[in-house]
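Here's the structure, in structure tokens; my notes come after.
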Amino acid sequence: MTVLKTSMRNVLAHKGRMALSAVAVLLSVAFVCGTLVFTDTATTTFDKLFAATASDVTVSTEDASDTGETTSGTGRPPVMPASVVEKVRGVDGVKSAEGTVFSTSVTVVDADKDSLSPTSGAPTIVGNWNANDARTMKISSGRAPRGPDQIMVDADTADKHGLGLGDEIGVITAVGTHRAKISGIADFTVTNPGAAMFYLDTETAQRALVGEAGVFTNVNVTAAPGVADARLKEDVAAGLGGAYKVQTAAEVADANSADLKGFLDVMKYALLGFAGIAFLVGVFLIINTFSMLVAQRTREIGLMRAIGSSRKQVNRSVLVEALLLGLFGSVLGVGAGVGLAIGLMELMGSMGMNLSTDDLTVTWTTPVAGLVLGVVVTVVAAYLPARRAGKVSPMAALRDAGAPADARAGAVRAVLGLLLTGAGGFLLYLSGAAEKAGEGALWLGGGVVLSLLGFVVVGPLLAGGVVRVLGALVLRVFGPVGRMAERNALRNPRRTGATGAALMIGLALVACLSVVGSSMVASATDQLDKSVGTDFIVQSDSGQLLTPQAVEAAKSAEGLERVTEYRVLDASLTLPDGRTAKDETINAADPTYAQDLRVETVAGNLADAYRPESMSVFEGFADKYGLEVGSKVEVAFADGRSAELTVRAITSDEVVVDKGAMYVSIATAAKYVPADRMPLDALLFASARDGQEEAAYAALKTALDDYPQYTVRDQTDYKEALQDQIGQLLNVVYGLLALAIVVAVLGVVNTLALSVVERTREIGLMRAIGLSRRQLRRMIRLESVVIALFGALLGLGLGIGWGATAQQLLALEGLTVLEVPWPTILTVFACSALVGLFAALVPAFRAGRMNVLNAIATE
């Protein structure tokens, strides 16, 4: 009880000094709890939606996915005849059965040909208006579609794009473009997570989505009263003779939830990873806070020891202070986490993924996880300072505040830091020298962890040399004030090292990812320049296949020398030794593709692979199955018959574009795959006549003007799109790493604030002998800048090393160009100085306001 009282008094006596550490705990716990609440809420929302939209039993075609997506390589959903609906209606226990037809392989545009699809990645669904949809949607204006010239849209999509009754929109599918006017607008009665919904009448949906009447993609079955879904499923399956896929409402909902769970898990663990980084940075803040508090209370602790307190009691007192700090920060963090989750929901809503706060889900595990994590991390971080506090002797009551340095501990730190750094460097070397990416990735992970730990441990030793160099370059121009700032930073290398390490972690990751991202873009650009021989690429950014009409339109553009079609087929291969390679992908293209993509071969000539009854394989596949030029391979096309093809070329694995591809000609594939089952083109490649590139580019865009679902890019456009994609991803990562940097800034602020308190008497003496307030504030700001630059220098150097090693692994996948984005690195380094200035504002202001006489009198 005495220990608890002492700890409580110390916390209350130094509550201002503890505040920033509590904020660090709060932010880290809030990020963890916010992530858990957000993902749990998203799961709840989708589970409710899937449960509400699923009929008691659903019948679909055998090749439909578990999640209901029924589009195929033909761009049209597989269908069943209307007679199936009649068969289902005749099954005992069926109350009603209704045929439905829908597709997600669609593009919907307004009258100006602008896309109406969600930008969040949610699907665009076009189907027939049916009783099952009427359970989850309510027509708020207008009426349901009747006839081919009418279509209904969900209210969220209408609001987002300013659509109203009577507006014309176009539904673009593999069948063609169907135009209709909005007859009605329907509101969701459950939370709409962001999908865009469009409804046609049944006959119109059949013709617009499939191209024929009297067919359906699904049958929604409602059970008669008292009939269980499982029993109804068995009866329906028996009635249909096992020719179709039959699922209960629970199975459909589970399949949809499982598909979504993968995405949410990736998001959750990624966010938790960044929260972990913030926690790691917070550890340094807490260690620094308690180390400085222990140093400042050396005489006080010595007096406690002199009047009878044992080492264990002193140790326990500091740990209890950490426990109280962790509890306080964690409790506030849990509450802030719920607020953060609501903020994330609002942010996702602005991006098109709507999550209602009515579904806000806070399970008991979330606050428990936040509290346990926050308290454990805080107590563990405070252990070393507490241990040092326990070692304070009673004689310390007779000395000035400040614990003497432990030379033996410094030597142990030096040896341990060098060992960890050396081990990390060796693992990074092994990673760069690895011949397989999987093996190298393991070495890379170990090297990153050990080298980071090594730099953290050896940081105080590096502080002396690095700060002196930085002082000579940055601080000496400020005269005596600059020299004093340098000496203040050097006074306690352990503190400077720990403070710099907090900033080092975040900036090391920023530098590493910058190098990897820039190298990926540079390597891909280099590969495009070397291997792509075509001028233009036509594709859909949403993954929609190219319709025959669009292909013909592209071929009609003036100024083109050639247009190459490119299709993707599924197949199983039986090798000469009898082994079978299942679920392989065969790329079928026109023979001119050998000119459009200059792929290096290790044997044979790629152009020969487009001869009749011929194919190519990639190097890894050939090595695995012992293939060589002239080998016979039996190819069983998933949508057709089997063919015996001759291997005419073996392509190199040292490529980025089409890495691991196997090629045949479209003509060869067409012999074995029926025309109605032949996949549509995934891409088109077009090349202009010499000197007509600009005119052909404009002509190709004009020819495809009626097909807004497709994008025409030249090589420059393609490179820019690639750079934008990687840039957007990096910006998201940088935004998440900002949390760790914010915590690191709090660490610098806290260190300076505590060091100002520690140097109260010293500051008073300097002011008494003539140091002005402006000079004092400048001294503290410069000290902060040099500490921030120290952390930035270590972090950026470490991150560049990690990034260069990661690029060596990517080189095994064909990304052979290492590019260090020096403008980004130098900008980050310069911004670190600004961070140091910002962090010193409050401590410098407080130091400047200090009363000189009171400061001199301070003990």
Intermediate values then yes/no, side-chain contact (heavy atoms from CB on, under 4.5 Å), Val538 and Leu700: CA-CA 9 Å; Val538 182; Leu700 186 57; 4.1 Å; yes
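- Remark: side-chain polar atoms of Thr601 are not paired, donor with acceptor, to backbone N or O of Ile650 under 3.5 angstrom.
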Asn587 vs Tyr566, side-chain hydrogen bond (donor to acceptor under 3.5 Å, both in side chains): CA-CA, chis, key distance, verdict: CA-CA 7 Å; Asn587 297 342; Tyr566 183 95; 2.8 Å; yes
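- Side-chain contact between Val635 and Tyr672 is absent, with no heavy atoms from C-beta onward closer than 4.5 Å.
- Rounded to the nearest 0.5 Å, atoms CD1 (Ile586) and CZ (Arg567) are 15.5 Å apart.
- For the pair Thr585 and Met662, the minimum side-chain heavy-atom distance is 4.5 Å or more.
- No side-chain N or O of Thr805 forms a donor-acceptor pair with one of Trp443 less than 3.5 Å apart.
- A heavy-atom distance below 4.5 Å is found between the side chains of Arg562 and Asp596.
- A donor-acceptor pair under 3.5 Å is formed between the side chain of Arg641 and the backbone N or O of Lys671.
- For Phe426, the CZ atom is loosely surrounded, since the number of other residues' heavy atoms within 6.0 Å does not exceed 12.
- Considering only heavy atoms from C-beta on, Asp535 stays 4.5 Å or farther from Gln715 through its side chain.
- In this structure, Asp676 places its CG atom where more than 12 heavy-atom neighbours from other residues, nucleotides or ligands lie under 6.0 Å away.
- Judged purely by atom type and a 3.5 angstrom limit, Ser431 uses its side chain to pair as donor or acceptor with the backbone of Gly440.
- At most 12 non-hydrogen atoms from other residues, nucleotides or ligands lie less than 6.0 angstrom from CE of Met520.
- Arg713 and Glu720 are not joined by a salt bridge, as no carboxylate oxygen comes within less than 4.0 angstrom of a charged side-chain nitrogen.
- Remark: the backbone N or O of Asp717 is paired with a side-chain donor or acceptor of Asp714 at under 3.5 angstrom.
- In this structure, the side chain of Asp577 engages the main chain of Arg579 through a donor-acceptor pair within 3.5 Å.
- Under the 4.5 Å side-chain criterion, counting only non-hydrogen atoms from C-beta, Leu452 is in contact with Trp802.
- With rounding to the nearest 0.5 angstrom, the OH atom of Tyr734 is 6.0 Å from the CG atom of Leu513.
- A distance-only check finds no donor-acceptor pair linking the side chain of Asp639 to the backbone of Val673 [under 3.5 Å].
- The residues Asp608 and Arg648 are annotated as not salt-bridged, no charged nitrogen and carboxylate oxygen being separated by less than 4.0 angstrom.
- Side-chain contact check for Thr107 versus Pro708: every heavy-atom pair is 4.5 Å or farther apart.
- Taking a cutoff of 4.0 Å between a charged side-chain nitrogen and a carboxylate oxygen, Arg76 and Glu212 do not qualify as a salt bridge.
- Relative ring orientation between Tyr663 and Tyr610 is described as tilted, the plane-to-plane angle lying within the 30° to 60° band.
- Side chains of Thr651 and Ser616: no donor on one and acceptor on the other come within 3.5 Å.
- Counted within 6.0 Å of CD on Gln549, heavy atoms from surrounding residues, nucleotides or ligands total more than 12; the atom is thus considered enclosed.
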Derivation of the side-chain contact (heavy atoms from CB on, under 4.5 Å) call for Gln544 and Tyr707: CA-CA 11 Å; Gln544 196 167 349; Tyr707 303 92; over 6 Å; no
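- Put simply, the side chain of Asp706 does not reach to within 4.5 Å of the side chain of Thr177, judged on heavy atoms.
- Considering only heavy atoms from C-beta on, Leu545 stays 4.5 Å or farther from Ser540 through its side chain.
- Residue Glu613 places its CD atom among more than 12 non-hydrogen atoms of other residues, nucleotides or ligands, all under 6.0 Å distant.
- Side-chain atoms of Thr173 come within 3.5 Å of backbone N or O of Ala208 as a donor-acceptor pair.
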Verdict with supporting geometry, Asp653 and Val602, side-chain contact (heavy atoms from CB on, under 4.5 Å): CA-CA 9 Å; Asp653 284 342; Val602 295; over 6 Å; no
Steps toward side-chain contact (heavy atoms from CB on, under 4.5 Å) verdict (Tyr593, Asp658): CA-CA 12 Å; Tyr593 189 62; Asp658 262 7; 2.7 Å; yes
